[in-house]
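Order of the sequence lines sets the chain letters (A, B, ...), proteins ahead of strands, with each chain counted from 1.
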Amino acid sequence: MALRLHNTLSQQVEVFTPSERNTVRMYTCGPTVYDYAHIGNFRTFTFVDILRRCLRLNGFALEHVMNITDVDDKIIRNAVAQGKTLAAYTAVYTQAFLDDCAALRLELPERLVRATEHIEDMLLAIGKLGESRHTYASEGSVYFRIATFPEYGKLSHNDFRGNIAGARVDVDTYDKADARDFALWKAAKEGEPFWEGALGPGRPGWHIECSVMALKYLGETLDLHAGGVDLVFPHHENEIAQSESLTGKPFARFWVHAEFLLVEGQKMSKSLGNYFTLRDILARGYTPEAVRYLLASVPYRKSLNFTFDGLKSAGTAIDRLRNFKLRLETDRLPDGASEVWSARTASAQGTFRNALDDDLNTAEALAAVFEYLRDANTAMDSGEFRAGNAPAALDLLTAFDAVFDVLKPSAAAGQWSDAEIEALIAERAAAKKARNFARADQIRQQLSDQGILLEDTKSGVRWKRK
RNA sequence: GGCGCGGUAGCCAAGUGGUAAGGCAAAGGUCUGCAAAACCUUUAUUCGUCGGUUCGAUUCCGACCCGCGCCUCCA
């Protein structure tokens, strides 16, 4: 079954394949590094990560570019207020973003690009757009003239031929010819950092950076472009207008957008006190894996209700998966292999993969794994599941973790070495044999204090870090 | 007002024109020196509301109600 994705352009779920050979050329919108990224941002970035992994699971190679927007109004405002250079200011939040991504196990794109390192490219592109009469200058700024791009609105499915009834209009509309026009180059204001160029002192508008960097590294027509739904309009619509005006070719074949995240059923906002960064959540004692699991478990096209209850239950679900894996690795199972279970495992793999292929239906993929897990546990209890079935079952978990990536615990909680732990376990076994349960429990407690949990099973003692 | 998404058990959530996956929570049970792990049973006659089509609708159509997003910077 081939991978299918919802394409915002067609508003349909379509079979996805790269246009050439086997490599997917994709671009996703990255963060504006004016502050720590919040949990809503990470919903989208987690979706992109899941998308990457599913593309790879389908045998595609990736050529993925993501931008870091390191120049914009807020950055300039904050940097100036703090008396820092743009570079010094954005370095802090860029690093914080990368750290957060690492904590959430988000793969980095093949190429991470910064807006400020492509100013020349942007100036060139704006110049070219000028030559083809897609731009006009006003009070030192340069704008893109939407009227020159008749297809404007094809992504957001808005019909802009009439008035924009009810739409609020930008305060600086007065220097634009049309409310829809957007800035390609913004004239520098007093005291602001700026770049010097053919267009006069200023800085690039937001939309142009994505077009320029995508075209530069990925060519005229991308296979896939992704981001959050809120970017559909105007950001991606504007990218299309610029890019297609430059190249005359379709900018991207697939546009894929992740829905919004709510917190406790409400939209996240600083005034409601439900605005969280990853750091805020980890500081409350939740693990990055639980956050990742929760963000990944709701299919990307459905808005995700982020709750602390949900985070807790994600943690419990992960524990159950880890326990299952540990059991597969440590239980002494009867020799041989059950044909029934060989078939059952293969079927679970198939269901898992098909669910992901179906527009990244992570909820259904998880259901396939849990259903299998429950039945396999039962079969292990009854002796029906045999040693020869374990490798395939572990393969299923490997496939699962290639996408969800939550099985390996993040923090090495215990300071003790494996050898020290094993020694204590041996001592406890001896104590138990001598029916010295007080000493046995003492050792259990001692290990527990170090974050080590012992489990007595039919196959012997096994331990894990909590 | 325009465009888009959604309303399924206590919470999260999948899904199909043929009679409701999965996770978490809760209760009871099995196993167990203790603990952990694991499993079993129970928890939606019902899928926002009202109509329509159909032998049959949660699933299709229409209307309405509610929530959310975008239309200005925004994941």
Of the listed nucleotides ([options]), which one gets closest to any side-chain atom of [X]?
X       : options                   : value
H157(A) : rC3(B), rC70(B), rG15(B)  : rC3(B)
T316(A) : rC40(B), rA25(B), rC71(B) : rA25(B)
V229(A) : rA13(B), rG69(B), rC3(B)  : rG69(B)
Y293(A) : rA14(B), rG23(B), rA37(B) : rG23(B)
K302(A) : rG33(B), rA14(B), rG23(B) : rA14(B)
F260(A) : rG33(B), rC71(B), rA75(B) : rA75(B)
L231(A) : rA75(B), rG2(B), rG33(B)  : rA75(B)
M268(A) : rA75(B), rG23(B), rC73(B) : rA75(B)
L453(A) : rC73(B), rA14(B), rA36(B) : rA36(B)
A317(A) : rG15(B), rG23(B), rA13(B) : rG23(B)

Check: If each of H6(A) and A258(A) is mapped to the nucleotide of RNA chain B with the nearest heavy atom, which maps nearer the 5' terminus, i.e. the 5' end?
Finding: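 Upstream on the strand: H6(A).
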Next item on the list: Hey, which sits more toward the 5' end of RNA chain B by its nearest nucleotide, E371(A) or N158(A)?
Entry: N158(A)
For a quick check of understanding: with a heavy-atom distance under 4.0 Å over all strands, which category does [X] fall into, base, sugar-phosphate or nothing?
X       : result
Q266(A) : nothing
H257(A) : nothing
V232(A) : nothing
N305(A) : sugar-phosphate
D73(A)  : nothing
R462(A) : sugar-phosphate
L454(A) : base
L326(A) : nothing
G40(A)  : base
R77(A)  : nothing
K312(A) : nothing
P299(A) : sugar-phosphate
F233(A) : sugar-phosphate

Any-strand Watson-Crick or G-U partner of [N], both distances under 3.5 Å:
N       : result
rG1(B)  : rC71(B)
rA21(B) : none
rA63(B) : rU49(B)
rU41(B) : rA27(B)
rG33(B) : none
rU54(B) : none

Next item on the list: Could you tell me whether D456(A) and R462(A) make a salt bridge, using a distance below 4.0 angstrom between a side-chain N and a carboxylate O?
Entry: no
Item checked: Charged N-O contact under 4.0 Å between E455(A) and K464(A) ->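 The answer is yes: the pair qualifies as a salt bridge.
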Give me the distance, rounded to whole Å, that separates [N] from [M] when you measure between the [atom1] atoms they each carry.
N       : M       : atom1 : value
rU43(B) : rG22(B) : C1'   : 15 Å
rG48(B) : rA14(B) : P     : 13 Å
rA13(B) : rA25(B) : C1'   : 14 Å
rG7(B)  : rC12(B) : C1'   : 14 Å
rU45(B) : rC40(B) : P     : 23 Å
rA63(B) : rA26(B) : C1'   : 40 Å
rU8(B)  : rA35(B) : P     : 39 Å
rG10(B) : rC47(B) : P     : 13 Å

Check: Taking RNA chain B as the partner, which of residues 375-387 of chain A come within under 4.0 angstrom of it by heavy atom?
Finding: N377(A), T378(A), D381(A)
Note to self: Counting C-beta onward and ignoring hydrogens, is there a side-chain heavy-atom pair between R292(A) and I50(A) closer than 4.5 Å?
What the structure shows: yes
Is the distance between the ring centroids of [X] and [Y] under 6.0 Å?
X       : Y       : value
F260(A) : F306(A) : no
Y275(A) : H38(A)  : yes
H236(A) : H257(A) : yes

Check: Under 4.0 Å between a side-chain N/O of R320(A) and OP1 or OP2 of rC39(B), yes or no?
Finding: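 Answer is yes, contact under 4.0 Å.
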Check: Looking only at side-chain N and O atoms, does R374(A) come under 4.0 Å of OP1 or OP2 in rG22(B)?
Finding: yes
Establish whether the base of [N] is bridged to the side chain of [X] by a donor-acceptor pair shorter than 3.5 Å.
X       : N       : answer
R43(A)  : rA75(B) : no
D441(A) : rG33(B) : yes
R301(A) : rC5(B)  : no

Check: Which class fits the ring pair F352(A) and F404(A): parallel under 30°, tilted 30 to 60°, perpendicular over 60°?
Finding: tilted
Next item on the list: Check the side chains of N305(A) and E264(A) for a donor-acceptor pair under 3.5 angstrom, ignoring hydrogens and angles.
Entry: no
Notebook entry, point to check: Side chains of Y136(A) and D181(A): donor-acceptor distance under 3.5 Å anywhere?
Noted result: yes
Margin query: Before you tell me yes or no, could you show the steps for R105(A) and D401(A) under salt bridge (Lys or Arg N to Asp or Glu O under 4.0 Å), namely the whole-Å CA-CA distance, both residues' side-chain angles and the distance that decides it to 0.1 Å?
Written below: CA-CA 11 Å; R105(A) 305 177 188 189; D401(A) 220 33; 5.7 Å; no
Rounded to whole Å, please give me the gap between [atom1] in [X] and [atom2] in [N].
X       : N       : atom1 : atom2 : answer
E237(A) : rG2(B)  : CD    : P     : 19 Å
I318(A) : rG22(B) : CD1   : C1'   : 16 Å
R435(A) : rC34(B) : CZ    : P     : 11 Å

Check: Hey, does the Lys NZ or Arg CZ of R320(A) hover above the aromatic six-ring of F370(A), less than 6.0 Å from the centre and inside 45° of the axis?
Finding: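 So R320(A) doesn't make the cation-pi contact.
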Checklist line | Criterion ring pair (Phe, Tyr, Trp, His ring centres under 6.0 Å) on W185(A) and F144(A), from CA distance to verdict | finding: CA-CA 9 Å; W185(A) 189 256; F144(A) 185 92; over 10 Å; no
Margin query: So is the aromatic ring of F370(A) stacked onto the base of rG23(B), judging by whether the centres are under 5.5 Å apart and the planes are under 30° apart?
Written below: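 Whether judged by distance or by angle, F370(A) falls short somewhere, so it does not stack on the base of rG23(B).
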